Structures are given as structure tokens and as C-alpha cells.
Amino acid sequence: GREQTLDFSERLHEYLFKHDGYCPFTDKSPAEEIYDNVGEGTVVTHKKFGIGQVTKIDRKAQYIFVAFNDGGEKKFLFPGAFTAGFLSLE
């Protein structure tokens with residue numbers, strides 16, 4: 001009864017903590033969320049380069065191109081730059 005529920009709850013909490021809150025049975029993976037929410041024109045932030053706008057996504061080659069406010073354009077792995085924390089959604 002109650003002891004089993006607490007044991008399951010503790011195991012679930014431990015699992016979610018180890019997997020950054022991702023549950024493959026109910027949630028989308030972090031990469032799937034990024035694919036769903038990022039497109040041309042999306043505003044993103046880079047830790048070093050600041051705010052930029054997505055100009056192109058090459059899903060086959062897994063690259064994203066971002067034009068930053070300083071006028072420069074950079075190429076990043078997609079969705080790796082998001083999952084690694086280099087890019088974030090504005």
C-alpha cells in the first residue's frame with residue numbers, strides 16, 4: 001500500500017533526477033522539443049555572442065546558422081548546441 005507508493009515515488013524521482021527530468025514514456029526528448037520549437041527566424045541567445053536570429057537550419061547535416069547582432073553569422077551543431085547549453089531560446 002502506502003510503503004510501495006513511497007518506494008515507487010522515490011525511484012521515479014531518482015530516475016528523473018538522473019535523466020534531467022526526461023521520461024521516455026511520456027515526454028519528448030530535449031532534442032525533439034528543440035526541433036519542434038526552433039525554425040528560421042527564431043531568436044536565440046549564445047553565451048558569448050549574445051542575441052541572434054536563426055537564418056537557416058540544415059536538418060540533414062544537423063547544422064543551424066545564426067546571425068548575431070554584431071553582423072556576424074555562425075554555424076552550430078543542431079540540436080547539439082542547444083542540448084549542450086551553448087544556445088538557448090530567447
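Keep in mind that this is a model prediction, so the values were computed, not measured.
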Enquirer: Is there a path from Leu87 to Phe65 through hydrophobic residues (I, L, V, M, F, W, Y) whose side chains come within less than 4.5 Å of each other?
Expert: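 No: no chain of side-chain contacts under 4.5 Å links Leu87 to Phe65.
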Enquirer: Tell me whether Leu89 is reachable from Val66 by hopping between hydrophobic residues (I, L, V, M, F, W, Y) whose side-chain heavy atoms are closer than 4.5 Å.
Expert: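 Yes.
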Enquirer: For the residue pair Ile64 and Val54, establish whether any side-chain heavy-atom pair is separated by less than 4.5 Å.
Expert: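 When only atoms from C-beta onward are counted, Val54 and Ile64 do touch, with a gap below 4.5 Å.
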Enquirer: For the residue pair Lys48 and Phe86, establish whether any side-chain heavy-atom pair is separated by less than 4.5 Å.
Expert: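 Not touching, per the 4.5 Å side-chain cut-off.
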Enquirer: Please report the interatomic distance CD(Glu33) to OG1(Thr83), rounded to the nearest 0.5 Å.
Expert: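 Here the interatomic distance stands at 13.0 Å.
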Enquirer: Rounded to the nearest 0.5 Å, what separates atom CG in Asp58 from atom NZ in Lys56?
Expert: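 Rounded to the nearest 0.5 Å, the CG-NZ separation comes to 5.5 Å.
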Enquirer: Counting only pairs under 3.5 Å, give me each side-chain donor-acceptor contact of residues 67-82, with atom names and distances, residues two or more places apart or in other chains.
Expert:
unit_1: Asp70; atom_1: OD1; unit_2: Gly72; atom_2: N; d: 2.8
unit_1: Glu73; atom_1: OE2; unit_2: Thr55; atom_2: OG1; d: 2.6

Enquirer: From Thr42 OG1 over to Asn37 CG, what is the distance, rounded to the nearest 0.5 angstrom?
Expert: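 Those atoms lie 8.0 Å apart.
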Enquirer: Taking a hydrophobic cluster as the set of Ile, Leu, Val, Met, Phe, Trp and Tyr residues connected by side-chain heavy atoms closer than 4.5 Å, whether directly or through intermediates, do Tyr63 and Ile57 fall within one such cluster?
Expert: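 Looking at the clustering, Ile57 is in a separate group from Tyr63.
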